[in-house]
Amino acid sequence: MMLSRFASAKLVGNGLLQRKIASPRCAFLEGLRVQSIRSDSTLSLTEKTSAPPMVYISGEEMTRYACQLIVDQWIKPYFDISKWEMYDLSCKARDETNDAVLKDAVDAGVRIGAIFKEPTITPSALQVKEMGLKKPYGSPNGAMRRGWNGITISRDTIHLDGVELGFKNPVLFERHAVGGEYGAGWAKVGKGTLLTTYLPSDGSAPFIIDKRDLTDEENVAVVYHNPYDNVTDLAHIFFKRCLKFKVIPFVVTKKTVFKWQETFWVKMKDVFDEHYKEDFLKAGLLDTTGGELQHLISDAATMQLIRWTGGGFGMAAHNYDGDMLTDEVAQIHRSPGFITSNLIGKAPDGRLLKEFEASHGTVTDLWNLHLSGQETSLNPLGLVEAMIGAMQHAAALQVETHPGDAEVVEVHDKIMNFTTTLRLAIHNTFRYGQGTRDMSGPTGYTTEDFIRKVKWRLDRYLAAQLEENPPTLPEPDRHFRRNYDVDQKALKTLFEQYDLDGNGSISFKEFEKALTHLGVAPKKNFGKKEKSADI
């Protein structure tokens with residue numbers, strides 16, 4: 001088992017925050033102490049807990065197979081998941097329902113608010129033919145971001161105590177969930193004039209945004225926009241998370257060239273200055289930034305990510321820049337399997353909707369090996385973190401909608417305890433050298449063996465919580481000691497000497513008099529050395 005200690009709290013010259021973190025060994029021992037505490041949050045294999053409502057979106061290929069094993073072996077033994085609403089977003093199911101299943105999943109997400117999503121396939125032209133699909137279905141993620149009024153996609157590094165990955169401390173990222181190239185309209189055109197005209201919804205006069213003459217025989221015209229109403233929400237989410245994790249915030253744009261991106265920076269800074277600046281100053285998180293929120297040009301951000309391997313920072317960016325930069329974070333931090341992906345949106349009534357998924361795809365190469373009967377070794381950490389996030393958010397939402405309900409609070413506590421214990425079990429399995437082959441080399445566990453090993457460890461940890469605390473035993477009666485030689489008659493005579501009122505008990509005043517008379521009363525300067533005389 002490889003252990004390491006992190007540096008004490010210090011802001012170093014390259015702008016990275018090295019936070020004071022207890023040694024991984026201490027953290028692990030602290031975790032074990034939690035295991036021994038009996039409370040209403042413990043779970044048993046003999047009595048299942050009803051899991052709160054949640055939307056479960058299944059995908060396909062290797063991650064679908066792994067998630068089936070995880071749910072069957074880790075979740076179902078402890079929870080009744082009948083309140084989970086299941087939606088199959090495999091290409092086959094989308095084709096069979098003419099994509100109605102996607103609409104149903106989006107509607108359910110708005111209604112329930114907590115969503116777990118497995119990786120899915122957006123079929124290419126070749127896959128459309130191979131699968132016999134009616135048409136090339138679009139990315140379900142785009143439909144979800146629109147349907148859930150997507151604000152941000154939070155992507156953070158995952159860390160294992162005692163295991164060296166890429167960044168030593170957390171890196172947080174907020175990627176604007178809407179706008180930019182992903183929602184672009186486009187067409188192949190020839191020579192001519194391209195006119196972009198804006199028609200205001202208030203009925204005022206339209207005006208031309210852009211006019212240009214196209215002189216090439218072949219052109220591609222692209223039109224997109226950046227909606228900025230929800231940037232204020234993004235800013236609050238980002239700065240609150242940076243404070244929680246004690247990291248330095250940076251806002252990333254290319255506003256020096258793309259002048260229209262200035263609005264993103266201004267809105268972020270306005271929220272920061274009005275609501276968060278003082279808290280960041282008090283926390284010492286602006287000591288290396290001149291006491292101000294810092295802006296980074298996207299080009300510089302790509303270089304700083306490589307340099308700032310100490311971690312301890314957060315970045316917020318537009319949709320496309322956020323996509324590219326988080327891919328870079330994933331590569332520095334070993335792989336996309338060690339990055340979370342959490343879409344935060346807003347329901348019409350103002351509730352925050354949260355969808356959790358792994359930041360990687362369906363892992364087609366391992367799926368092909370599996371289909372051919374060969375061993376595979378899929379690291380499910382990203383999938384598990386997404387599952388944990390969705391279950392915790394579902395439990396929190398149920399508490400919000402049922403305030404004061406003791407049973408709901410008990411279920412919430414059980415969910416929190418289970419997910420915390422599950423995280424400890426999977427992390428320790430990696431730390432003990434029992435990980436998948438991406439972590440432990442050729443001798444690492446297969447997909448199935450790793451999931452079984454984590455189940456074994458999870459069951460042990462949860463079972464330990466059910467053990468009763470040992471009783472507190474009174475001091476044994478000294479009368480039965482072999483060396484007990486107290487003179488009972490003399491002791492009674494002494495007691496009666498100080499029991500002044502003869503009532504068979506000694507008051508505090510009588511007790512004080514007795515100890516003082518016997519010379520054993522504690523003194524005010526007890527334990528202090530007398531001051532030496534001046535020489």
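All values below were derived from every heavy atom in this structure, side-chain atoms included, with hydrogens, water molecules and symmetry-related copies excluded.
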For residues I70 and P380, determine if any side-chain heavy atom of one lies less than 4.5 Å from a side-chain heavy atom of the other. yes

Note: A394 and P52 closest approach over all heavy atoms is O-CB, 3.8 Å

Considering residues at least two apart in sequence or located in another chain, which fulfil the salt bridge (charged side-chain N to carboxylate O under 4.0 Å, His left out) criterion with E510? none

Quick check for you: to the nearest 0.5 Å, what is the distance between S341 atom OG and E355 atom CD? 7.0 Å

So how far is it from I75 CD1 to L69 CG, rounded to the nearest 0.5 Å? 12.5 Å

Is a side-chain N or O of R334 found less than 3.5 angstrom from the main chain of D438, in a donor-acceptor match? yes

Check whether more than 12 heavy atoms from other residues, nucleotides or ligands sit under 6.0 Å from atom NE2 of H517, and answer yes or no. no

Candidate list Y56, F356, W74, test side chain to side chain contact (heavy atoms under 4.5 Å, CB included), partner M387, passing option: Y56

I'd like to know if K455 pairs up with D459 as an ion pair, taking the criterion as any Lys NZ or Arg NE/NH1/NH2 lying under 4.0 Å from an Asp or Glu carboxylate oxygen. yes

What's the spacing between L172 CG and I237 CD1 if we round to 0.5 Å? 12.5 Å

Does a side-chain heavy-atom distance below 4.5 Å link L243 with Y276? yes

Criterion side chain to side chain contact (heavy atoms under 4.5 Å, CB included) on R457 and I426, from CA distance to verdict: CA-CA 8 Å; R457 185 160 279 119; I426 191 170; over 6 Å; no

Distance to the ring centre below 6.0 angstrom and angle to the axis at most 45 degrees; does that hold for R460 and W456? yes

Measure the shortest side-chain to side-chain distance between K117 and L343 over non-hydrogen atoms and say whether it is less than 4.5 angstrom. no

For atom CZ of F511, decide whether the heavy atoms of other residues, nucleotides or ligands shown that lie under 6.0 angstrom number more than 12. no

Does a side-chain heavy-atom distance below 4.5 Å link Q434 with D449? no

Centroid-centroid distance, H333 to H159, less than 6.0 Å: yes

As a quick check of understanding, evaluate side chain to side chain contact (heavy atoms under 4.5 Å, CB included) for Y498 and L494, giving each step before the final call. CA-CA 7 Å; Y498 295 106; L494 185 64; 3.5 Å; yes

Is a side-chain N or O of D499 found less than 3.5 angstrom from the main chain of G504, in a donor-acceptor match? yes

Go through the steps for E410 and K414 under the test salt bridge (charged side-chain N to carboxylate O under 4.0 Å, His left out), then give the verdict. CA-CA 6 Å; E410 182 178 329; K414 286 185 175 183; 3.5 Å; yes

Flag, side chain of S440 to backbone of R437, donor-acceptor distance under 3.5 Å: no

Donor-acceptor contact present, side-chain W148 to main-chain I344, <3.5 Å: no

Output yes when R241 and E174 qualify as a salt bridge under the 4.0 Å nitrogen-oxygen rule, no when they do not. yes

Quick one, L500 and K509 - any side-chain contact, counting heavy atoms below 4.5 Å? no

Considering all heavy atoms of both residues, which atom of K489 and which atom of D487 are nearest to each other, and what is their separation? N-OD1, 3.1 Å

Around N503, counting heavy atoms of other residues, nucleotides and ligands shown, do more than 12 lie under 6.0 Å from its CG? yes

Closest approach of I339 to I158 (non-hydrogen atoms, all atoms of both residues): N-CD1, 4.0 Å

Determine which pairs satisfy ring-ring contact (aromatic ring centres under 6.0 Å, His included) with at least one residue from residues 388-414, sequence neighbours left out, and list them in order. none

Does the side chain of T289 pick up a donor-acceptor pair with the side chain of Q294 at under 3.5 Å? no

Evaluate the ring planes of F280 and F239, with Trp represented by its six-membered ring, and classify them as parallel (under 30°), tilted (30 to 60°) or perpendicular (over 60°). perpendicular

For a 4.5 angstrom cut-off between non-hydrogen side-chain atoms, does V454 reach L422? yes

Under the criterion side chain to side chain contact (heavy atoms under 4.5 Å, CB included), I'd like the reasoning laid out for T157 against F338: C-alpha separation, chi angles, the key distance, then a yes or no. CA-CA 6 Å; T157 53; F338 292 94; over 6 Å; no

Worked check of side chain to side chain contact (heavy atoms under 4.5 Å, CB included) between F116 and M391: CA-CA 8 Å; F116 169 76; M391 292 180 68; over 6 Å; no

Side chains of K354 and L397: closer than 4.5 Å at any heavy-atom pair? no

Kindly compute the distance separating NE2 (H427) from CG (D161), expressed to the nearest 0.5 Å. 8.0 Å

Taking all non-hydrogen atoms of both residues, which atom of L160 and which atom of L165 are closest, and how far apart? N-CD1, 4.3 Å

Can you tell me how far CZ of F430 sits from OG1 of T436, rounded to the nearest 0.5 angstrom? 4.0 Å

Relative to the ring of F250, is the ring of F313 parallel (under 30°), tilted (30 to 60°) or perpendicular (over 60°)? perpendicular

Which pair of non-hydrogen atoms, one from T447 and one from L378, has the smallest distance, and what is that distance? OG1-N, 2.9 Å

Which value, rounded to the nearest 0.5 Å, describes the distance between R431 atom CZ and L424 atom CG? 8.0 Å

Please determine whether the number of non-hydrogen atoms from other residues, nucleotides or ligands lying under 6.0 Å from atom NZ of K48 exceeds 12. yes

When you measure from the side chain of N149 to the backbone of K346, do you find a donor-acceptor pair of N or O atoms at a distance under 3.5 Å? yes

Using modelled atom types only, decide if a donor and an acceptor are shared between the side chain of R351 and the backbone of V110 within a distance under 3.5 Å. yes

Assess the side chains of Y228 and H176: does a donor N or O sit below 3.5 Å from an acceptor N or O? no

Can you confirm whether T340 sits close enough to S154 that some side-chain heavy atom of one is under 4.5 Å from a side-chain heavy atom of the other? no

In short, I81 meets A51 closest at the heavy-atom pair CG2-CB, 4.4 Å

Is the shortest distance from a Lys or Arg side-chain nitrogen in D273 or K269 to a carboxylate oxygen in the other one below 4.0 Å? yes

Is it true that K267 and D270 have a side-chain N and a carboxylate O under 4.0 angstrom from each other? no

